[in-house]
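Following: one structure in structure tokens, then a few remarks.
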There are 2 protein chains.
Amino acid sequence: MPVSPIKMADAIRVLSMDAVHKAKSGHQGMPMGMADVATVLWSKFLKFDASKPDWADRDRFVLSAGHGSMLLYSLLHLTGFKAVTMKEIENFRQWGSLTPGHPEVHHTPGVECTTGPLGQGLATAVGMAMAEAHLASRFGSELVDHRTWVIAGDGCLMEGVSHEAISIAGRLKLAKLTVLFDDNNTTIDGVATIAETGDQVARFKAAGWAVKVVDGHDHGKIAAALRWATKQDRPTMIACKTLISKGAGPKEGDPHSHGYTLFDNEIAASRVAMGWDAQPFTVPDDIAKAWKSVGRRGARVRKAWEAGLKGSAHSAEFNRAVSGALPTGAFEAVDAHIAKMAETKPANATRVHSGAALDHLIPAIPEMIGGSADLTGSNNTFVKGMQPLDAPDYAGRYVHYGVREFGMAAAMNGMALHGGVIPYSGTFLAFADYSRAAIRLGALMGAKVIHVMTHDSIGLGEDGPTHQPVEHVASLRAIPNLLVFRPADAVEAAECWKLALQQTSTPSVMTLSRQKTAGVRGSGSENLSAKGAYELLAAEGGAAAVTIFATGTEVAVAVAARDILQGQGKPTRVVSVPCWELFDQQPAAYRQAVIGTAPKRIAVEAGIRQGWERFIGEDGGFVGMTGFGASAPFERLYKEFGITAEAVVAAAG
Amino acid sequence: MPVSPIKMADAIRVLSMDAVHKAKSGHQGMPMGMADVATVLWSKFLKFDASKPDWADRDRFVLSAGHGSMLLYSLLHLTGFKAVTMKEIENFRQWGSLTPGHPEVHHTPGVECTTGPLGQGLATAVGMAMAEAHLASRFGSELVDHRTWVIAGDGCLMEGVSHEAISIAGRLKLAKLTVLFDDNNTTIDGVATIAETGDQVARFKAAGWAVKVVDGHDHGKIAAALRWATKQDRPTMIACKTLISKGAGPKEGDPHSHGYTLFDNEIAASRVAMGWDAQPFTVPDDIAKAWKSVGRRGARVRKAWEAGLKGSAHSAEFNRAVSGALPTGAFEAVDAHIAKMAETKPANATRVHSGAALDHLIPAIPEMIGGSADLTGSNNTFVKGMQPLDAPDYAGRYVHYGVREFGMAAAMNGMALHGGVIPYSGTFLAFADYSRAAIRLGALMGAKVIHVMTHDSIGLGEDGPTHQPVEHVASLRAIPNLLVFRPADAVEAAECWKLALQQTSTPSVMTLSRQKTAGVRGSGSENLSAKGAYELLAAEGGAAAVTIFATGTEVAVAVAARDILQGQGKPTRVVSVPCWELFDQQPAAYRQAVIGTAPKRIAVEAGIRQGWERFIGEDGGFVGMTGFGASAPFERLYKEFGITAEAVVAAAG
């Protein structure tokens, strides 16, 4: 007799309950409530092979309600993802385990996305579905034909990013994306209706999704709904009516059973209610076997796919793109461009220089997918000839994200996690605040994405303080595992693009100016930006009396100040600092040499001082901003806020 | 003959077109497109008196699509807000003018809210409507009975924060809130449909709003729709079908006429099309008169209201609350609490200490309005006896914001701008990234709000790196005009609350621990936190060899390290640093004394080093984090990441 699917779901419920109980921490409510839906999805629909977690054409499963991590860990363990042993389940939320509090990609095999910050799993999944659609168009459905499934809770759908995500998905008609909404009317503070009376089904429909409501504990109806989802011409949302902590005896359906709250006697009562005799962290053989066979279900399809890939004309290029290796000669054109820029040293906005670098990179690296949050012309992210990535043929490489910085950044994370594409996109630097949570999550996940952020200081001028980043460069530098580039001219802009593209597990931010700035780099054969900071101009006429450190458009200010100081007989060095993080990675001797021994050290950057002491010491001079900007033409602002060569000279004493 | 309202609208159109043209910067598209709607609203519905911009019972008008600032400046000038002269209109976007690129509250009389970062004006307006509803319940509709009107564009409604905002408003049935959607199917990148196919009307309806579509150039129909809006029992959204740059001759309806793009000949053609003969920056007398009379329309009502206030029993309390002055004796109870805490020095989580301070503040300061983004129990923001602020009687003082950190922070800004209330609310510190854009805008606007952010380090333990702030304290410190408090114990927590409440135009963040920490402050009569940093423990047995700087839960670590160092014969000071920003405001002599002259300076904070050099110098010791955290019980994490007394001792050499 086959094992009852309810029993299989109970295995998830009991593991989740016991693991949370042992850890005295975590959430059993969602895993127990969604165990039935997850069981039907994984056992009948999800395309995967537990023995091959990185199979490129697997379905993606994203647990957007990441606090329900035990749902995912239970599934991974039960279906036979080798690393996720019962020992790991027992070590839920402990140091060094594969079962941290929230799912972490690249930490636990089978976890596709780090989730927990609500709403972002859904938004990231949208990017995965975009990557799938694009690659299916590029390589054909023989090689790329998989779905993206998301479990999202009330909290996910309250977050604003869910609006941006479902709008993008609806606009792009991402038919292979399905959201399973854990519709249990519960959030931490109680029944969801204390804060939410919106109609989620109507809302998704308004965003262009196909929608359905289903009893989330009726396996037959769940299966029918999932089947329906696979046949729609647009993204699908299934509102699964569930009871939180389904099966948890007296606590079933109780909003307060969301997190770690079950007492010993309630756990015992739950076991009785489910008819579950097995000891904690053991699964009865028949149920374990049934689950293991689910984990092997996709092996045959996977092997056939592998054979197909081997025989495909696209094989080499597909493998390369998925591996993350850049094409041979990817940088040939941009290197020639750099050499030319070093010769001509053109004055222009660094956003324009960035666009010029893209002109040479986009044709050479077909996996680059660009876009902008409705500022295409301002961000210089569009290269002539690019087509919109859009339904019905998703082969285009430029995404019109709309005014959705957060959804855009999260979607880029999803594309990078999916693999096979390198996403970049633009907005204004001030609006990094809108997307910051996704920038951080991308850094935590090691997602190779490139955030182009133009209008990077008061230099944007008339738009005024709401649009003028002052603290943004500093606050982005604060995020671990994120490269923050602020190139000074055409050479550095192209160098920084190369560096961003050479990363494997680190996202980058390119901060770029709206306003014109002089070219400063006269040599382009070595990528000096790779060192994070380097001596651009040596002191002349003796040991350096002054070192000026600068980034971006202020390097030209530093150079002008040096001219004056040298004229006054003060030997002065200029150090260009396009990337703090790369400088930190240099050997101590190099760093010391760049910092130098000049008695006077000054930094100039049209932002706040925070952190510059590492270059200039406690008492060094700083020429920059101390508060918000103002609305006026940029030349006036630089003068009024005192970011000038004269101010640098004055700081030199 | 009365002046045609179309001509009145044309005055807005021409002023906007000419000001943008002169500045060679800005946006005429929206002001021209929405001139008709704005004319009907201001001339027939908006309750205001141009001679009294700060009349407490005025309607609030928020231009969420802030780039259309010339719409608002035109209205302010035309209706007779004295400061907004024609000279100011001519100086649009110039240094020192009252007409900056985007509207700035407290800069230009009549501007209610700084807008430009899209979506936030709408979300801020929701807070204004909440404050109105609450104060109407508290003081009666004789004193408080006004509406909040918002103009929002496609971009505003694409932003995720719009979802949070309209969900909150729909849930709370804020019937006096009306959104006028500039439904022109245009964003910067072109027709909005390249990125948006959602049905906004259906979407607002799903969120519980009453909705209507209207021809945005038909004054009669606009008036009927606005009248309809005033009669609904829920918030209202009117989709105004408009042509961008209406009236701009050949560019009318052209998506590329959004910003500064009109050529001289097109401006001339527009004048011809509108039949407008007047020179730039002049308005024909009859039209100017008609507008001036609009500006006086509310004077009678305002005077009657003032008389009513004078005679009201609520007069004194209403005036006090609106003035921002705290009640007499507001701190009596909390001061007694501080004295007791200094005596008993209880060990507990600082979030618990914060909650204890609130226990004494909430009864004493009736204008404090609390809330949480669905983490009430975790944030300790709720004080026993508080009632939810909710329909139909909004007298309650606790808001269930739902999982909407951004919408919450923006709504708090709106409440503070409205006046009469002091909003505070909670979430986890890691999710400051979600609300950061509103925290910044609040700082720029000088909005007195208090962001309670608990779970302020790896000390939150098992939830892991997604929930563990590492860089957040540093990145919040980077925002100008924002006080970032990290209190060490019960005394400091209460002191910091007092300081936050004593601000007039600066928002505060209270970062608070989940985990227990020892009490360190044994004296409570002087508010030492007010100095930002102070010597908690002096060196004993000689001049200080070591100074340890610490914040929050790490002050106890510093104290333990000092015990060891003193035991080793190294005289050691401990400096507690609850607030960098307040320390910066102290006289240089005090700052130097606190920094001291110990040869060894060490900082300990469970976050990144960025900026600590100002305390410890270039080569000082730092005990903290260098990357993301991990999931495990907190004691283990502190040990594994080396944030211990032993590590501090080791750093002391």
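Numbers restart at 1 for each chain; the letters A, B, ... are given by sequence-line order, proteins then strands. Values reported hereafter were calculated over all heavy atoms of this structure, with side chains retained and with hydrogens, waters and symmetry mates removed.
Between chain A and the options B:Arg203, B:Gln120, B:Glu618, B:Arg93, heavy-atom pairs under 4.5 Å are most frequent for B:Arg93. Considering only heavy-atom pairs separated by less than 4.5 Å from chain A, the leading option among B:Ala206, B:Gly464, B:Gly101 is B:Ala206. Among the candidates B:Gly170, B:Pro388, B:Gly611, B:Ala202, the residue making the largest number of heavy-atom pairs closer than 4.5 Å to chain A is B:Gly611. Interface check for chain B: of the options A:Gly461, A:Ser167, A:Pro117, the most heavy-atom pairs under 4.5 Å are formed by A:Pro117. Counting heavy-atom pairs closer than 4.5 Å to chain B, the top-ranked of the candidates A:Leu375, A:Asp374, A:Thr466 is A:Asp374. Contact count against chain B (heavy-atom pairs under 4.5 Å) is highest for A:Pro465 among A:Ala430, A:Pro465, A:Ser435. For the set A:Arg614, A:His472, A:Arg477, the entry with the most heavy-atom pairs within less than 4.5 Å of chain B is A:His472. The choice from B:Glu164, B:Glu613, B:Gln610 that makes the most heavy-atom pairs within less than 4.5 Å of chain A is B:Gln610. The choice from B:Ala192, B:Pro633, B:Gly190, B:Ser69 that makes the most heavy-atom pairs within less than 4.5 Å of chain A is B:Pro633. Comparing B:Lys24, B:Glu104, B:Met625 by how many heavy-atom pairs each has under 4.5 Å with chain A, the most go to B:Glu104. Options A:Gly402, A:Ala437, A:Gly198 differ in how many heavy-atom pairs under 4.5 Å they form with chain B, and the most are formed by A:Ala437. Counting heavy-atom pairs closer than 4.5 Å to chain B, the top residue among A:Pro480, A:Gly66, A:Ala165, A:Gly627 is A:Pro480.
Note that CG of B:Asp433 and OH of A:Tyr434 are 15.0 Å apart. Values are rounded to the nearest 0.5 Å. Atom-to-atom distance recorded for B:Ile194:CD1 and B:Asp189:CG is 5.0 Å, nearest 0.5 angstrom. Atom OG1 of B:Thr427 is separated from atom CG of B:Asn379 by 6.0 Å, given to the nearest 0.5 angstrom.
Classification of the A:His467-B:His102 ring pair by plane angle, with boundaries at 30° and 60°, yields parallel. A:Phe641 and B:Trp95 have perpendicular rings, their planes meeting at more than 60° on a 0 to 90° scale where under 30° would count as parallel. Using the six-membered ring where Trp is involved, B:Tyr638 and B:Phe634 have ring planes that are perpendicular, over 60° apart on the 30 and 60° scheme. Aromatic ring orientation, B:Trp580 versus B:Trp612: perpendicular (interplanar angle above 60°, classes split at 30° and 60°).
Panel note: side chain B:Ser631, backbone B:Glu462; a donor-acceptor pair is recorded below 3.5 Å. A donor-acceptor distance shorter than 3.5 angstrom exists from the side chain of A:Thr108 to the backbone of A:Leu98, with no hydrogens or angles considered. A donor-acceptor contact shorter than 3.5 Å links the side chain of A:Ser162 to the backbone of A:Leu157.
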- What do the steps show when you test B:Arg171 against B:His400 for side chain to side chain contact (heavy atoms under 4.5 Å, CB included), and what is the final call? CA-CA 10 Å; B:Arg171 169 64 186 79; B:His400 287 292; over 6 Å; no
- Message: Working note: B:Thr187 + B:Met158, criterion side chain to side chain contact (heavy atoms under 4.5 Å, CB included); need CA distance, chi angles, decisive distance, verdict.
- Response: CA-CA 10 Å; B:Thr187 66; B:Met158 286 179 170; 3.9 Å; yes
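Heavy-atom distances place the backbone of A:Thr193, and not its side chain, under 4.5 Å from chain B. Only the side chain of B:Ser25 comes within contact range of chain A, with at least one heavy atom under 4.5 Å from a heavy atom of that chain. Proximity to chain A (any heavy atom under 4.5 Å) is shown, for B:Arg609, by neither the backbone nor the side chain. Proximity to chain A is absent for every atom of B:Ile168, based on heavy atoms less than 4.5 angstrom apart. Using a 4.5 Å cut-off between heavy atoms, B:Ile608 touches chain A through its side chain atoms alone. Contacts of B:Ser97 with chain A are absent, with no heavy-atom separation under 4.5 Å from either backbone or side chain. The contact between B:Arg636 and chain A is made entirely by side chain atoms (from C-beta outward), counting heavy-atom distances below 4.5 Å. For B:Ser378, no part sits under 4.5 Å from any heavy atom of chain A, backbone or side chain. For B:His107, no part lies near chain A; criterion is any non-hydrogen pair under 4.5 Å. Contacts between A:Ala443 and chain B at a heavy-atom distance below 4.5 Å involve backbone atoms as well as side-chain atoms. Residue B:Gln200: no heavy atom, backbone or side chain, is found under 4.5 Å from chain A. Neither the backbone nor the side chain of B:Ala438 comes within less than 4.5 Å of any heavy atom of chain A. Heavy-atom distances place both the backbone and the side chain of B:Phe628 under 4.5 Å from chain A. Residue B:Leu441 touches chain A through its side chain alone, counting heavy-atom pairs closer than 4.5 Å.
A 4.5 Å side-chain heavy-atom check between B:Phe431 and A:Leu118 finds every atom pair outside the cut-off.
For A:Lys205, the side-chain contact (heavy atoms from CB on, under 4.5 Å) criterion is met by A:Val211, not counting sequence neighbours.
A donor atom on one side chain and an acceptor atom on the other are not found under 3.5 Å apart for A:Ser372 and A:Tyr398.
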